[in-house]
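First up is the structure itself, then whatever we jot down about it.
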Amino acid sequence: MDKLKLLEATLARYTPPDRAASILGDLLETAQTEGRLWFWASFIRVLCSLAWRVPVAWLGAYAIGGSLIALLMTHDPLWLSADFKHVNPSGAVAMTAFMIVTTPGMALWFVAPYAALRFGLRDRFSQLAVALFIVTTLALLLGRYPAALITGAAVLIAAIVAALFRRDWRKPTIALSLAVGVALGGLVGILTVTERAIDYHPDWSYNQHRFGVRLALTIAFAMLAATCSLMHSLLKRTVRRFATVAVVGSILSSAAFAWGANTDDVFAVADVHPSPFRREPEVRGGTLAGNRYELRDSTMLGMIARAYSIETRYIVGGPSWLEWDRFDIFAKATPTASPDDLKDMLRGLLIDRFKLVTHADTKPQPAFILTIGKGKLQLRKGTGETGCTGKQLDAAVGLVEESCHNITMEVFARALHQMAGAYVTSGVVDSTGLKGTWDIDIKWTAKAMLAKAGPDGISIFDALDKQLGLQLTAGTAPLPVLVVDSVNETPTPNVPDLAKLMPPPPLPEFEVSVIQASKPDTKMDGDISGGQIKFQGVTLDLLIRAAWDLPDNGPMLQGAPKWLTEDHFDVLAKAPREPGAPELDEDDLRPMLQKLLAERFHLATHTEEQPLDAYNLVAASPRLKKSDPATRTRCFQGPLPGAKDPRIDNPILNKLRTCQGITMAQFARELQTQAPGYIKTPVLDATGISGAYDFTLNYTGAGKLMGGALTPAGDAPAASDPSGGLSLFDALNKQLGLKLEKVKRPVPVLVIDRVDEKPTEN
C-alpha cells in the first residue's frame, strides 16, 4: 500500500489528485492481464508524458541536452583532463555557448512572426519580439555572434516568461519552438555540408562564401518562421506528440551547427606518412601557403611541442621512438587560419591520426635556481617602459650586455635561458623572494669565446654574482610538464581519394637559369635553399649528386664519363615566388634541378641495383651499456648534459657522437647519415645483438684524417693517423667492440644513360 501511495503522489505532482488516482487504477487493472513489466513500462511512459507539460521539466531536459552538446563541441581530451590553457576561448568554448543558447533559442525566436501575425503589433510583447527578431537576423547575417548570443538569450527568456504567465501563449510557444527544432536539424545539416563543400572551392574567396552561407541561412530561417506560424492550428493539437522528438532535433541541430563552426579547427584533409630517407634530415615547414600546410622531417616530439606550444624538454613520458621516427605532413586548411589555429589543427591531427593521449602535470625537472648571493644585492627599483634589450659590446672577445627595465625577478629568471642559453641549458626558477620590479644591467662573455677571452672573460654565473649579487645554481625543481600517456607509431591510413581531394601542387619552372663554364681557379661553393640553386666551380658530377641527394663521392653514381668530374660550371637558377609566399623547399628544388639538367645537358638516367662494396656492422667483442627502457632513442653531436667533452683535451678527435636507447639496426642506418666521409653506401646490421643501448663514439673526421685521402674505391682510410687521429673504423672497434666488415651486395644506384659535355645556350 505504501508503494501505491508513493506512485499516486508522484503522478499527482504533474496532474490533479483525482486524475492521478484514476490513471493508477487503470494501470493496476490492466496489469492483471498484461503483467508487471507492462505496468512499470506504462507507468514510466505516462509519467514522462505528464512531465513534459511542466515548463521546468522541459527546461531541465534542455539543460541536459546543452551539457551533452558542450561535451560534443569540446571534443579535445584536454577538456576532460581540465587542461583549459590549450582551449581557444574564441573557438570551441565561445561557439559552444553560442550554439547551446541560440540554436534551440532560435526555435523560440520564431514565435516573434507568429505573434505579429496573430496579435498584431499593438501588443507590447509582440513589438519587443519582432524587434529582437530583426536584431538577431542582422546579427546572423553580419556574423556578429556575440550580438546574436545576447539577443537569442533575450528572446529565449522573454518567450518562456510569456508562456508561463499567459495561458494562451503556453502551447503555441512550446509547440512552435520544439517543432522548428526538428526542422533545424535537417536545415543546418544541409547548410553545413554545403559550406564545407565550398570552403575550399578555388573560385570562392573565404569571405565571399562565408557571407553567402550566412545569407542563405538567414533567408531559410525566415521562411521556416513563416511556415511554422501558418501551421499553428495543426501544432496546437499535437504538442505532446512533437515534444520528445523535437528536443532531440534541437540537440542534433546544435551539434550540426557546432560541427560546422569548428571546421576551422581541423584540417580538411591530410596526408601523413613516414619521412623518406634524407641524408641530412632537418625539420622544415610548419607554415601555411595559400590553403596548404606542410611540415617535413619532424619527430613526434617536435610535433607535440609545436602543437601544444611547449619546449621539448618539458614533454615527458611516451614511447622510446618519440625523438627518432620522422614524419611528413601535407594538409589542407582554411587560407585565413592563424598560427594558433594551425596549432589547434595539428593537435587535432595528432589525436585523430596517431591517437595521442596527454595530460598536464608538475614533475621535478633539471633547472637552474636563482637565489640571493652572499654579497651585497646590487639592484635598482624598476622605472620606465617594461622590457629587455641586448647588444654586443666587443665581438672579438664575445662580450655582450643585456639591459632590462621595470621587470619582476620572476620575468628576469625566465629570460635568462633566452639571454644565455649556452650557459643556462634549462629553465630558471626564481627563489630570490624579491617582490616588485627592477632595472637590471648585466655584462658577460659568450661561452664559445670564454677561453679566448682569458682573464678578461666572465661567465654568466660570475656576472650575476659580481654585478647583481645573485646566485644561479643547477638543481631540480617542480615544473609544469606535458605527459605523453600513449601514442601510436603508425598513423591511421590516409583517405583513399587523397590525390583527388589534395592534388600535389605543380612544380614551377625556373624563371631564371644560367649555366656557364667556371673561370679558372674559381673556388667551389654551392647551396640549394631560399628558393634558388646557386653553385660556383662545381663539376656536373656534384650537380647530379645534389639533384638526387647522393653522397658527394662514391659508387652510388654509375656510368659517368671521365670529364664529369673534371669540367667545372657556375649555375644560378631562381624559382618564381609570389609576394608573401614561402620559399620552395629543397625537396621541391631537387626535382626542378633534375629537370634543368635534363634540358640543358640532355641528361638521361635510370635507377637499378648493382653489386657494390658495402659494409655490414658486426660484433667483435661488444662493450655496450644496456639502455633504460624509459630512455628515448636519439643520437646527437656532443657529450651528455653535464659530462666533460673529450674534444677539449684532444681536438684531433673532433667527432663526438652520443647515442641513447638505440638498437644496432638503427645505429647501422645512422652511420651513413652521420659519417658520410667514411660511409658511401647503406650499412646493414649483422651484429645479432638485440635490445637498445647507450654509448658515445669519439673519432676523427675523414677530412681531418691523413689529409682526408680516399682510396680508389672511395673508402676513407681505415688506419689511424700517426698524429693521434682515430678513424671511425678503429673507434668502433676500440670503444664499442664493433666492426665494419666490407661485403659485396646489391645497392640501388643512379646510372647515367646519356649526358652532353656542353650545356645548351642560356
Begin with the C-alpha distance, continue with both residues' side-chain angles, and end with the deciding distance and a verdict on salt bridge (Lys or Arg N to Asp or Glu O under 4.0 Å) for R284 and E282.
CA-CA 6 Å; R284 305 184 306 284; E282 181 182 3; 5.8 Å; no
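- A donor-acceptor pair under 3.5 Å is absent between the side-chain atoms of Y615 and the main chain of A668, judged by distance alone.
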When you look at R632 and W324, which way does the side chain to side chain contact (heavy atoms under 4.5 Å, CB included) test go after all the steps?
CA-CA 8 Å; R632 292 180 186 157; W324 186 262; over 6 Å; no
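- Under the 4.0 Å criterion applied to side-chain N and carboxylate O atoms, D430 and R414 are not assigned as salt-bridge partners.
- A donor-acceptor pair under 3.5 Å is formed between the side chain of R545 and the backbone N or O of G554.
- Checked against the 6.0 Å centroid threshold, F368 and H417 do not count as a close aromatic pair.
- The main-chain N or O of P339 is never found under 3.5 Å from a side-chain atom of K343 such that the two would form a donor-acceptor pair.
- Distance check, rounded to the nearest 0.5 Å: CD of Q672 to CG of L684 gives 10.0 Å.
- There is no side-chain donor-acceptor pair under 3.5 Å between E670 and T673.
- Ring pair F327/F354 is perpendicular by interplanar angle, where above 60° counts as perpendicular and below 30° as parallel.
- Of the inter-residue distances, the one linking Q536 atom CD with H568 atom NE2 reads 12.5 Å to the nearest 0.5 angstrom.
- We find the CG-CZ distance between N654 and R647 to be 8.0 Å, quoted to the nearest 0.5 Å.
- For the pair L468 and I440, the minimum side-chain heavy-atom distance is below 4.5 Å.
- One distance of note links CG of L399 with CD of E401; it measures 8.0 Å at 0.5 Å rounding.
- T476 places no side-chain N or O within 3.5 Å of a backbone atom of P366 that could act as its donor or acceptor partner.
- Taking the side chain as every heavy atom from C-beta outward, Y678 and S727 approach each other to under 4.5 Å.
- For the pair D328 and R278, the salt-bridge criterion is met [side-chain N within less than 4.0 Å of a carboxylate O].
- A donor-acceptor contact closer than 3.5 angstrom is absent between the side chains of R296 and S298.
- Cation-pi geometry between R347 and Y308 is satisfied (NZ or CZ under 6.0 Å from the ring centre, within 45° of the ring normal).
- Every pair passing salt bridge (charged side-chain N to carboxylate O under 4.0 Å, His left out) that includes a residue from residues 310-322 is listed here, sequence neighbours excluded: E311-R313.
- Counting only heavy atoms from C-beta outward, the side chains of I351 and V357 never approach each other to under 4.5 Å.
- Legend: residues meeting side-chain contact (heavy atoms from CB on, under 4.5 Å) with P651, ordered by chain and number and at least two apart, are absent.
- At a cut-off of 3.5 Å, with distance as the only test, no side-chain donor of K381 or T437 sits close to an acceptor on the other residue.
- Between D340 and S338, the side chains place no donor N or O within less than 3.5 Å of an acceptor N or O (distance only, hydrogens not considered).
- Not one N or O on the side chain of Q660 forms a donor-acceptor pair closer than 3.5 Å with the backbone of L640.
- The number of heavy atoms from other shown groups lying within 6.0 Å of NZ (K626) is above 12.
- Taking the six-membered ring for Trp, Y699 and F729 have ring centres at least 6.0 Å apart.
- Side-chain contact, D570 with T522: no donor N or O sits under 3.5 Å from an acceptor N or O.
- Counting only heavy atoms from C-beta outward, the side chains of K435 and T408 never approach each other to under 4.5 Å.
- A salt bridge links K644 with D649: the distance from a Lys NZ or Arg NE/NH1/NH2 to an Asp or Glu carboxylate oxygen falls below 4.0 Å.
- Residues K443 and Q467 meet the side-chain proximity criterion, which asks for heavy atoms closer than 4.5 Å.
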Yes or no on side chain to side chain contact (heavy atoms under 4.5 Å, CB included) for R634 and I662, after CA distance, side-chain angles and deciding distance?
CA-CA 7 Å; R634 59 178 186 155; I662 191 169; over 6 Å; no
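- Between atom OG1 of residue T473 and atom CG of residue D465 there is a gap of 11.5 Å, rounded to the nearest 0.5 Å.
- Look at K523 and D525 and you find no salt bridge, because none of the NZ, NE, NH1 or NH2 atoms lies under 4.0 Å from a carboxylate O.
- Between the side chain of N406 and the main chain of G384, a donor-acceptor pair closer than 3.5 Å is present.
- Counting only heavy atoms from C-beta outward, the side chains of L370 and F412 approach each other to under 4.5 Å.
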Show every donor-acceptor pair shorter than 3.5 Å between a side-chain atom in residues 691-698 and any protein atom, with sequence neighbours excluded, or say none if there are none.
residue: Y693; atom: OH; partner: S690; partner atom: O; Å: 2.8
residue: D694; atom: OD1; partner: S627; partner atom: OG; Å: 3.1
residue: D694; atom: OD1; partner: G661; partner atom: N; Å: 2.8
residue: N698; atom: ND2; partner: L653; partner atom: O; Å: 3.1
residue: N698; atom: ND2; partner: K655; partner atom: O; Å: 2.7

Can you list the steps and then say if T663 with T633 is a side chain to side chain contact (heavy atoms under 4.5 Å, CB included)?
CA-CA 8 Å; T663 67; T633 302; over 6 Å; no
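- Two residues are said to be in side-chain contact when any heavy atoms from C-beta on lie closer than 4.5 Å; I304 and V487 fail this criterion.
- M345 and A337 make their closest contact through CE-CB, 3.8 Å (heavy atoms, listed as atom of the first residue, atom of the second, distance).
- The shortest distance between side-chain heavy atoms of N616 and V683 does not fall below 4.5 Å.
- For the atom pair CD1 (I407) and CD (E385), the distance works out to 13.0 Å, reported to the nearest 0.5 Å.
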